[in-house]
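Within every chain, numbering begins at 1; the chains are lettered A, B, ... in the order of the sequence lines, protein sequences first and strands thereafter.
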Amino acid sequence: MPDIIKKILVANRGEIAIRVFRTCRRLGIKTVAIYTHADRTAPHVRYADEAYCISDTETDTSYLKADKIIEIAKKAGAAIHPGYGFYSENPTFVQRLEEEDIIFIGPSAEHIKLMGSKTGARNAMVEAGVPVVPGTKNAIRDVDDAKKTAREVGYPIMLKAVHGGGGKGMRLVNSEEDFDSAFRMASSEAANAFGNGDMYIEKFIVGPHHVEIQILGDKHGNALHLFERECSIQRRHQKVIEEAPSPFINDETRAKMYEVAVKAVKAIGYHSAGTLEFIVGSDQNFYFLEMNTRLQVEHPITEMITGVDIVTEMIRVAEGKTLTYKQEEIFRNGFAIECRIYAEDPSNNFAPSPGLITVYETPGGPNVRVESGAFAGYEVPLYYDPMIAKVCSFGKTREGAIIAMKRILTEYKVSGIKTSIPFHQRVLKNETFLAGNYDTSFIDTKFDMEDLQRKEQKDPSVALIAAAIKQLISEKISAQRSVTRRDVGESNWKRFGRLTSLGNRLG
Amino acid sequence: MPDIIKKILVANRGEIAIRVFRTCRRLGIKTVAIYTHADRTAPHVRYADEAYCISDTETDTSYLKADKIIEIAKKAGAAIHPGYGFYSENPTFVQRLEEEDIIFIGPSAEHIKLMGSKTGARNAMVEAGVPVVPGTKNAIRDVDDAKKTAREVGYPIMLKAVHGGGGKGMRLVNSEEDFDSAFRMASSEAANAFGNGDMYIEKFIVGPHHVEIQILGDKHGNALHLFERECSIQRRHQKVIEEAPSPFINDETRAKMYEVAVKAVKAIGYHSAGTLEFIVGSDQNFYFLEMNTRLQVEHPITEMITGVDIVTEMIRVAEGKTLTYKQEEIFRNGFAIECRIYAEDPSNNFAPSPGLITVYETPGGPNVRVESGAFAGYEVPLYYDPMIAKVCSFGKTREGAIIAMKRILTEYKVSGIKTSIPFHQRVLKNETFLAGNYDTSFIDTKFDMEDLQRKEQKDPSVALIAAAIKQLISEKISAQRSVTRRDVGESNWKRFGRLTSLGNRLG
Amino acid sequence: MMITKRQYFATVDKGEQEYTIDIVEETSNVFTVSIDGKSSTVDFARMGDNLYSIIIDGRSYDIDITEKGDIFSVLMGGDHFDVEVLDEMKRLMKLRTSAGLEGRQVIEAQMPGMIWKVLVEPGQEVEAGQPLMILVAMKMENEIKAPKAGVVQELFVKPDQTVAAGDKLAVVE
Amino acid sequence: MMITKRQYFATVDKGEQEYTIDIVEETSNVFTVSIDGKSSTVDFARMGDNLYSIIIDGRSYDIDITEKGDIFSVLMGGDHFDVEVLDEMKRLMKLRTSAGLEGRQVIEAQMPGMIWKVLVEPGQEVEAGQPLMILVAMKMENEIKAPKAGVVQELFVKPDQTVAAGDKLAVVE
């Protein structure tokens, strides 16, 4: 008998909590929010039917409160959706829920654990016939053997320190003649840095793309894919723009990737939503990187090109039902792009920009989807991820989705804090991006900071005029302030109107 | 050679001006707004690339300034899109544009004129084979002849005064035996009311539905339909909720209506966007009412189920190009619903509610389209139509679109003025509406004011608590006001924050 | 911090039933509110000009409260309540005035607009429901009707005059 | 109404070029602004806290202006300009101070956050670019570096202290 979920607690905050609540509200499922003291005014709190504070003290900003969350879920009779981050890929938490008989809307603890281990995941995928980046993984003991491996893997290869990290003790080797010297230097560097000179061989992927396949599985052995997302536009290893489908991979690659992804999901018996991340070389060869056993930030673009509500499917699967769709009922329609809007100042090296949002106008019109965790009057707290919203556009063609996004971003107004919107506007004008011909090095190599600094409008006249008038008005208001004093207690907006007309009219 | 339109002036305001500008921004067409003094802060003004005030004085609120509009369009080198209302169906204005060599993005002056005349439109449609409401239209001279006509038309029939109006001098006749007395009484009533007792016969449509077919035509003789919209939910003859496709008509009726609509458009050589309005009886017979020779308020729902941008097509046609699509390339996908959001107070007999909008949060998430002419800080003026926005939902099924709309409306927050949002929320819960089984009498007969007054939450406790706390806080603020005075000039939002914490913290 | 305690008397939608409400402010944002003795813990936070997030014993409500004197227009999830909240003194005053001034009706504008026509003159006798003037707002005509039969005592407006919601229009006694 | 006239001197993005701006307020909302003698008519209206609609000779702009002292951060259509607007007196003062205090650098927080680590001590010599402290905001660490070589004269913050944007952190001389 399937368990019917009547109430869902989202063990998360901000836009993703609201995203899950939206599906619940549509399905008539009651919702429970948790919040910290710092998040009392966050929009997910007022969106929910119930809301419980999990902070121990006023300064406690943590959402990692398993005991409290479990207590609330039990008392409220709610299943738990983890969102992304926080407890979403924590097998211990999921294990506890299983023990406490609370439904977890996500995969099993074992699958989370398996995919959380790099080696475990790699082995499971190799077993399921999924290609992984070729190499040895074991320390090189014999240089000649190693060269043989390198030949099999195919140059260029990377020599990597077994105990390394942070980019140190790595050497790119383009051909066999460079192997000996590269191996010596890298090994000695590794020995110095990590106290161990062991090295292994990995194929070096030229022009790497980050392409991921969205999958869904249920507890009855059914699994399907919802096509791919291209996530190669990254800054500081953070995705900033994603699109579906990928403009890079060809249909043959696509078909192969879908096939291995679904095969792997079935092989390991995975259920709920998940994503297989691949690195794809410029030669269209693809290799498994890791599997994310959760709902991803960028899932809306997949929903837009398929019409599938991934959260609905996750809930169904958690109830023990079968997926709504069979693979042959899933169609791809059009193109979708997502821009992640961060509270960061792109004109100041992307410095975090928390604070009070004074103006918040979200884009309207056709072909737009906004998943936001902000509103006018909201103070973006210091303590959490700087992503305040995701904005997605849709088009029948990739070009259509891009020009829609350009239009959409011009309508997105946020005052009080700085956001990454101007950064996105620049990327959308970059020729390499427009050609759909970018890899993961895009931000560093193709989109330099010049792109960001470059102005559409070279003439600063309008800015000069605006600033000068604002200065004049501010001077008048301070002059006015020194002679008049006003009452407290009038409406905020009345006062705003009065200040405006004061600024405009006083002479 | 087609004229390429590089700039468009929208001779309109509010949401429809922005709607047209959105397409322009997407297509890279420059935009020109016109505005009255009262509309200086309206959002269409800042959306446009250029903006010109057309008021003669500060108190002049008219947008009907043909001379000024033409002068601006000429100077700016812009084509004119009329939106709806104002000059959109004014053949004299369009004639002048033709003379002044300004491109009008709409049909020809002749077609507007033809369809603007009730008799002309009727005759043209009859000629094109479109069914019209059967009847005589000529004054009854001989009662026996009239009875014969009534028999042909089929009972029930309406007797209507030739010179009548406003519902007076009308009589419903259900069968021939009632004819004589009804005729005598109606005729005498008409003679008293209008000084003329002439009557004519029209078929009375039982359970009438308002169903309209969206059409597009170009100047090369191509025409197509974009399916129908059901617009039977009306209040005071104003549409309030529309849906596409109609939940009422069957596929046979649908096919017939599409066919006659396209035939008629081709027969009269109509170009640009237009709508044929039909009255459809409970027996699925349909009759032409009138043709709207403009973009309609409710066009977005048609765009949502077809993926066609109607404004793009209007621009193409005005440029002399052919339509982008052929009929066989148009597909219907899913269901869409539109709610028109008015600045009216549904709890106070829909009294107009202009004023300053202090909070304005538009709905996000999937399957929503908002076309809005408002924002937080905008003062809705007294002088114009009270519709401030249209909100549309999409679903794979009609039920899906309805539950999406319910979710969407809960996210739409407008403070400072009253809106019709609660009214829409009631309609969406009405059983007759949910069954899709409503006709134009719905608001009066099926959705009574009780629906509107009825509360989801019968227990007033939460409202009592909220009001009492607000009263306490207000009392504290006034107490505070009497002892402190504050400086003018601090940020509006800073002050808001302070007042909030004042309200929350002072004890 | 000072603890604030207040007692109020409230009615809903001009109904007969009177509720006795006792409020205690416990800490910043947190109140204990009893309605006719039934007590709840309430977390009250402002989100925007009229928008509040209220959490009552774990239930979360997103509420719009418009204040007009002592009447609070509360909108929540499509439901609308007009709540009058009076303290003891105001309640007593109201009981007295409603007894004393029953015959005198001050007619106020229910919405902002422009007075298009004035249909009566001072001193004129009017019937209940008789239109006194026509106010135009947002392209719609709204008849302002006499709430009761009586004599027009005063007219505060002229044709073409703009009025705000709450402005006095006339007195019928 | 009094007519207001003002003259300002402005620079953009800390550039070399100085613009002379003359403003006359003509009527409510309408200004005549000349930049180095080139004159425009400007209609200026406030839309929201920092949001303005500006119409210059018929061109319409939707602009966000953030004011910080005399520096106006202007965002329009994805373009960002930092404009410093000074009157004659402030301009003179600035010329003087920048001559006098060249060697002394006050380091301010560029963003709000929490001081995680302080890496130097008062009196310590530092190189240009050497990290002085680490500020954490929104889960990201940000190194606060010495803008020039010198000696740490003062430290205004301690670990775990919360700072606002613009707060003084240290002085290097």
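Annotation for Lys65(B) and Ile54(B): closest pair NZ-O, 3.3 Å, computed over non-hydrogen atoms. Scanning all heavy atoms of the two residues, the minimum distance from Ile35(C) to Tyr19(C) falls at CG2-CD2, 3.9 Å.
Heavy atoms of Glu361(B) lying under 4.5 Å from chain C belong exclusively to its side chain. In this structure, the portion of Pro381(B) lying under 4.5 Å from any heavy atom of chain C is its backbone and not its side chain. Contacts between Arg454(B) and chain C at a heavy-atom distance below 4.5 Å involve the backbone alone (N, CA, C, O). Residue Lys455(B) touches chain C through both its backbone and its side chain, counting heavy-atom pairs closer than 4.5 Å. Only the side chain of Asn142(C) comes within contact range of chain B, with at least one heavy atom under 4.5 Å from a heavy atom of that chain. Both the backbone and the side chain of Val85(C) come within contact range of chain B, each with at least one heavy atom under 4.5 Å from a heavy atom of that chain. With a 4.5 Å cut-off on non-hydrogen atoms, Ile469(B) touches chain C through its backbone and its side chain both. There is no contact between Leu135(C) and chain B, counting heavy-atom distances below 4.5 Å. Interface remark: Ser461(B) contributes backbone and side-chain atoms alike to the contact with chain C (heavy atom separation under 4.5 Å). Looking at Asp385(B), both its backbone and its side chain come within 4.5 Å of chain C, counting heavy atoms on both sides.
By the 6.0 Å and 45° rule, Arg235(B) stacks over the aromatic ring of Phe350(B).
Looking only at heavy-atom pairs under 4.5 Å with chain C, the residue among Pro422(B), Gly416(B), Pro386(B) that has the most is Pro386(B). Chain B forms the most heavy-atom pairs under 4.5 Å with one residue out of Val136(C), Leu75(C), Val74(C), and that residue is Val74(C). Ranked by heavy-atom pairs shorter than 4.5 Å toward chain C, the options Glu475(B), Arg426(B), Gln457(B) are led by Glu475(B). By number of non-hydrogen pairs under 4.5 angstrom with chain B, the leading residue of Asp62(C), Asp87(C), Asp82(C) is Asp62(C). Between chain B and the residues Ile65(C), Thr162(C), Ile54(C), the largest count of heavy-atom pairs under 4.5 Å involves Ile65(C).
For the residue pair Asn430(B) and Asp451(B), a side-chain donor N or O sits within less than 3.5 Å of a side-chain acceptor on the partner. Residues Tyr360(B) and Ser372(B) have side chains that bring a donor and an acceptor to within less than 3.5 angstrom of each other. Under the 3.5 Å distance criterion, with hydrogens and angles disregarded, no donor-acceptor pair is assigned to the side chains of Asp345(B) and Ser353(B).
Looking at heavy atoms from C-beta onward, Ile107(C) lies in side-chain contact with Leu132(C) at the 4.5 angstrom threshold.
Among Tyr35(B), Tyr383(B), Tyr87(B), Tyr384(B), the one residue that satisfies the ring-ring contact (aromatic ring centres under 6.0 Å, His included) test with Tyr63(B) is Tyr384(B).
Glu25(C) has no carboxylate O lying under 4.0 Å from a charged side-chain N of Arg6(C), or vice versa, which leaves the two without a salt bridge.
Here Glu67(C) pairs with Lys470(B) under the salt bridge (charged side-chain N to carboxylate O under 4.0 Å, His left out) rule; sequence neighbours left out.
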